[in-house]
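First comes the structure, then the notes that go with it.
By convention in this document, chain letters (A, B, ...) are assigned in the order of the sequence lines, proteins followed by strands, and residues within each chain are numbered from 1.
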Amino acid sequence: MTIPSVRGMKDILPPTSARWAALEAAFREYATRFGFSEIRTPVLEKTELFARSVGETTDIVEKEMYTFSDRSGESLTMRPEGTAPVVRALQANRAALGEWPVRLFYVGPMFRHERPQKGRLRQFHQFGAELFGTDSPFADAEILTFLHGFLKETGLSGVFLEINSLGDPACRPAYHRNLSDFLSSREDRLCDDCRRRRERNPLRVLDCKAEGCMRATADAPSALDSLCDPCRAHFESVEGVLRDSGIPFTRNPRMVRGLDYYRRTAFEFVIPGMGAQNTVAAGGRYDGLAEILGGRERIPAIGFAIGVERFLMLLGEEESRTSAPDVFLVTASSRFLPEAFRWKMTLIGMGIRTEVDYEGRSVKGQFRRAGRAGARFVVVFGEEEAGRGGVMFRDMAAGVQEELSKDEAIRRLTRRDDIREE
RNA sequence: GUGAGUGUAGCUCAGUUGGCAGAGCACCAGGUUGUGGCCCUGGUGGCCGCGGGUUCAAUCCCCGUCACUCACCCCA
């Protein structure tokens, strides 16, 4: 019995791994273009970091974290999201990171102990970017433009941007009370889940897909109508910049965020017809997080995270193959293996993808492998040629071959322009 | 955490009112005494997820368990 991987944690195999590498490279390049620099934070953090930032009563903290005591008895948690560690790192390294604004991006695995299903894993991966040190609505717009541009550039179509404002400590509590009162008056029409949600997190009720709840809350007070003047002005400015930039969006006053630390702008890029896991990227402003984490300094901030697995799912299966060898060295007898091995290492050293069969297959078998692997050339080491100090050199695509001296064969391989192009 | 479905060859999947386990693809060899992707012929390869029960006999029926998948919840 072989040992399976941990539930919800998957191997990323070739050729898919090549798509990952390409997408990561594209993200790094795009983020750099926007002036973001990469930050790599540890996968493990003190549990307290997430308990305080994400929110004690969120599902993530209550039941989805990989938390354990290490050998000294300290409670550690594998990061369920990327923002809190970045803020922590920023606070600890202010001097090293320079003046405001600070732009950071990250790429890496996150961990949540949920039941796996399509588009949701226990170890999943995110690309994220965070812009610190400015309250400006242009910062919000920059983050949204960044995301929109990246999704577009990498060929993801059919995504829609939804935005909302969650208010701030000046206006959110009043709205929550309002909504709560409203929901009390409709309690008899809500589903069981929503009756529970009503107490804990009334916003969630607005997000319920049960038909009864949707009807019952059709005329619920809107978050956007309850914003205080500064929040409203901020939100409208963001919308204005987005319109100027030609970035399409829709307001979704019912949008809810899973993490407690969001303020004001919240957004999601959703793909219709994808079922429950239809959010491919999301984020928002979190001006209060630095103080929640115990910093004396208020650090306005906004950021996003992209779900890499979902992103790749949406990009589709496009056939990608493992790269074909440039040359396959065929040995007519095992006595040529040492020489073929030396050639292989020499050619690889010169940047040429080379393969040799070590398994003692027949010449026909070796040719079959060379053909299937898509090798451009085959070099045959055989008795007759060896007697004359040469090798048989075959162009697989052209289907022609000739005997060459060893030096000439190597020259032919290294001279070919078509060999190096990917 | 809840519900449903599925576990048979490396992969995709058939199968039997319970009676020696099948196909396609892949792999290997031969057809070509040293020449490929196609074709033909042959071959290798299975604790029928695991544990228990019923039975003369279980891959099949029953119970349990584990895993995977999908959905719900929630989220990227």
Side-chain angles (χ1 to χ4, degrees), chain A residues 1-10 54 57-64 79-83 108-128 147 191-194 196-197 200-201 204 207-210 255-259 267-271 274-284 303-314 324 328 330-333 336 357 359-386 391-401 403:
Chain A
M1 202 55 187
T2 53
I3 299 171
S5 69
V6 175
R7 179 169 218 194
M9 305 196 179
K10 291 193 169 176
V54 173
T57 63
T58 58
D59 277 7
I60 291 176
V61 170
E62 277 192 337
K63 50 189 194 195
E64 294 175 0
R79 63 181 182 199
E81 60 103 28
T83 297
M110 306 294 162
F111 303 84
R112 292 183 199 170
H113 192 104
E114 301 178 270
R115 195 75 166 262
Q117 69 183 81
K118 195 177 185 64
R120 190 174 64 199
L121 294 168
R122 290 185 172 182
Q123 173 175 335
F124 61 104
H125 298 76
Q126 291 187 335
F127 297 160
L147 237 183
C191 69
D192 292 345
D193 282 338
C194 284
R196 262 182 285 113
R197 288 185 189 124
R200 294 273 304 279
N201 193 342
R204 289 245 168 275
D207 202 37
C208 185
K209 285 131 210 143
M255 192 172 76
V256 178
R257 305 275 48 234
L259 291 65
F267 54 86
E268 291 182 356
F269 280 83
V270 299
I271 190 120
M274 267 284 301
Q277 274 68 50
N278 63 350
T279 303
V280 64
F304 68 77
I306 300 174
V308 179
E309 282 83 355
R310 287 182 191 177
F311 193 11
L312 285 168
M313 236 166 60
L314 296 176
F328 197 107
V330 168
T331 52
S333 133
F336 295 107
D357 173 57
E359 309 308 318
R361 271 180 254 266
S362 65
V363 169
K364 174 175 178 166
Q366 293 180 65
F367 263 91
R368 181 180 293 139
R369 298 191 90 79
R372 275 212 268 262
R376 180 85 172 80
F377 301 101
V378 163
V379 171
V380 182
F381 295 84
E383 300 292 347
E384 295 173 28
E385 298 86 346
V391 292
M392 189 58 76
F393 186 92
R394 183 176 177 83
D395 182 325
M396 294 294 273
V400 297
Q401 64 184 27
E403 188 176 329

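In this structure, the separation between CD on A:Gln123 and CD on A:Glu309 is 8.0 Å, given to the nearest 0.5 Å.
Counting to the nearest Å, the P atom of B:rC73 and the NZ atom of A:Lys63 are 12 Å from each other. Residue A:Asn278 contributes atom CG, which lies 10 Å from atom P of B:rC72 at whole-angstrom precision. Computed from coordinates, the A:Glu64 CD to B:rA76 C1' distance equals 12 Å when rounded to whole Å. Remark: C1' of B:rA76 and CZ of A:Arg112 are 6 Å apart, rounded to the nearest angstrom. Rounded to a whole Å, the CZ atom of A:Phe124 is 12 Å from the C1' atom of B:rC74. The separation between A:Glu359 atom CD and B:rC28 atom P is 10 Å, rounded to whole Å. As a whole-Å value, the separation of A:Lys118 NZ from B:rC72 P is 13 Å. Following rounding to the nearest Å, A:Glu81 (CD) and B:rC74 (P) show an atom-to-atom distance of 19 Å.
In summary, the aromatic rings of A:Phe377 and A:Phe328 are positioned with their centroids too far apart to meet the 6.0 Å limit.
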Run the side chain to side chain contact (heavy atoms under 4.5 Å, CB included) check on A:Glu81 and A:Leu259 step by step: do they pass? CA-CA 10 Å; A:Glu81 60 103 28; A:Leu259 291 65; 3.6 Å; yes
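Residues A:Val54 and A:Val61 meet the side-chain proximity criterion, which asks for heavy atoms closer than 4.5 Å. Put simply, the side chain of A:Phe267 reaches to within 4.5 Å of the side chain of A:Leu147, judged on heavy atoms. A:Phe124 places none of its side-chain heavy atoms less than 4.5 Å from the side chain of A:Val308. Counting heavy atoms from C-beta on, the side chains of A:Met110 and A:His125 never come closer than 4.5 Å. Side-chain contact between A:Arg122 and A:Pro116 is present, with heavy atoms from C-beta onward closer than 4.5 Å. With contacts defined as side-chain heavy-atom distances shorter than 4.5 Å, the pair A:Glu114/A:Lys63 does not qualify. Using a 4.5 Å heavy-atom cutoff, the side chains of A:Gln366 and A:Thr331 are in contact. Considering only heavy atoms from C-beta on, A:Val391 stays 4.5 Å or farther from A:Val380 through its side chain.
Residue A:Gln117 places its side chain closer to B:rC72 than to any other of B:rC72, B:rC74, B:rU69. When distances are taken from the side chain of A:Ala282 to each of B:rG36, B:rA76, B:rC74, the shortest belongs to B:rA76. With B:rA76, B:rU69, B:rG36 as the candidates, the nucleotide lying closest to the side chain of A:Gln126 is B:rA76. Nearest to the side chain of A:Arg115, among B:rC74, B:rA71, B:rA76, sits B:rA71.
Residue-level contact check: A:Ala370 touches neither bases nor backbone, having no heavy atom under 4.0 Å from any strand. Using a 4.0 Å heavy-atom distance criterion, A:Gln366 is classed as making no nucleic acid contact. At the heavy-atom level, A:Glu383 lies under 4.0 Å from base atoms of the strands shown. Base engagement by A:Gly119 is indicated by at least one non-hydrogen atom pair under 4.0 Å involving a base atom. Residue-level contact check: A:Glu384 touches the bases, meaning some heavy atom is under 4.0 Å from a base atom. Base contact: A:Val380 has a heavy atom under 4.0 Å from a base atom. A:Gly399 comes within contact range of at least one nucleobase, with a heavy-atom separation under 4.0 Å. Among the atoms of the strands shown, only primed sugar atoms or phosphate atoms (P, OP1, OP2) are found under 4.0 Å from some heavy atom of A:Leu259. At a threshold of 4.0 angstrom between heavy atoms, the contacts of A:Ala332 with the nucleic acid are absent. At a threshold of 4.0 angstrom between heavy atoms, the contacts of A:Met110 with the nucleic acid are absent. A:Arg257 comes within 4.0 angstrom of the backbone, heavy atoms only, and of no base.
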Based on Watson-Crick and G-U pairs with both distances under 3.5 Å, what dot-bracket line describes RNA chain B 5' to 3', crossing pairs as [ ] and inter-strand pairs as |? (((((((..((((.....[..)))).(((((.......))))).....(((((..]....))))))))))))....
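Atom P of B:rG46 sits at a distance of 11 Å from the matching atom of B:rA9, rounded to the whole Å. Across B:rU6 and B:rG30, the matching P atoms stand 44 Å from one another, rounded to whole Å. Between B:rU44 and B:rG36, the two C1' atoms lie 23 Å apart (nearest whole Å). Taking the C1' atoms as reference points, B:rC27 lies 29 Å from B:rU16, given to the whole Å. Rounded to whole Å, the separation between the C1' atoms of B:rU41 and B:rU32 comes to 14 Å. Comparing the P positions of B:rA57 and B:rG43 gives an interatomic distance of 34 Å, to the nearest angstrom. Distance noted for atom P between B:rG7 and B:rG15: 10 Å (whole Å). For B:rC40 and B:rC50, the P atoms lie 36 Å apart once the distance is rounded to whole Å.
A:Arg7 has a side-chain polar atom (N or O) that falls below the 4.0 Å cut-off from OP1 or OP2 of B:rC68.
No donor-acceptor contact under 3.5 Å links the side chain of A:Arg369 to the base of B:rG36. Between the side chain of A:Arg120 and the base of B:rC74, a donor-acceptor pair under 3.5 Å is found. Side-chain to base pairing of A:Glu385 with B:rG34: one donor and one acceptor N or O lie within less than 3.5 Å of each other.
With respect to A:Arg112 and A:Asp59, no salt bridge is recorded, no charged nitrogen being found less than 4.0 Å from a carboxylate O.
When only modelled atom types and interatomic distance are considered, A:Arg120 and A:Gln117 share a side-chain donor-acceptor pair under 3.5 Å.
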Would you list the protein and nucleotides 29-32 of chain B atom pairs, both N or O, that sit under 3.5 Å from each other?
unit_1	atom_1	unit_2	atom_2	d
B:rA29	OP1	A:Ser362	N	3.2
B:rG31	N7	A:Lys364	NZ	2.7
B:rG31	O6	A:Lys364	NZ	2.8

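With RNA chain B read from its 5' end, the first of the two nearest nucleotides for A:Ile60 and A:Ala398 is the one closest to A:Ala398.
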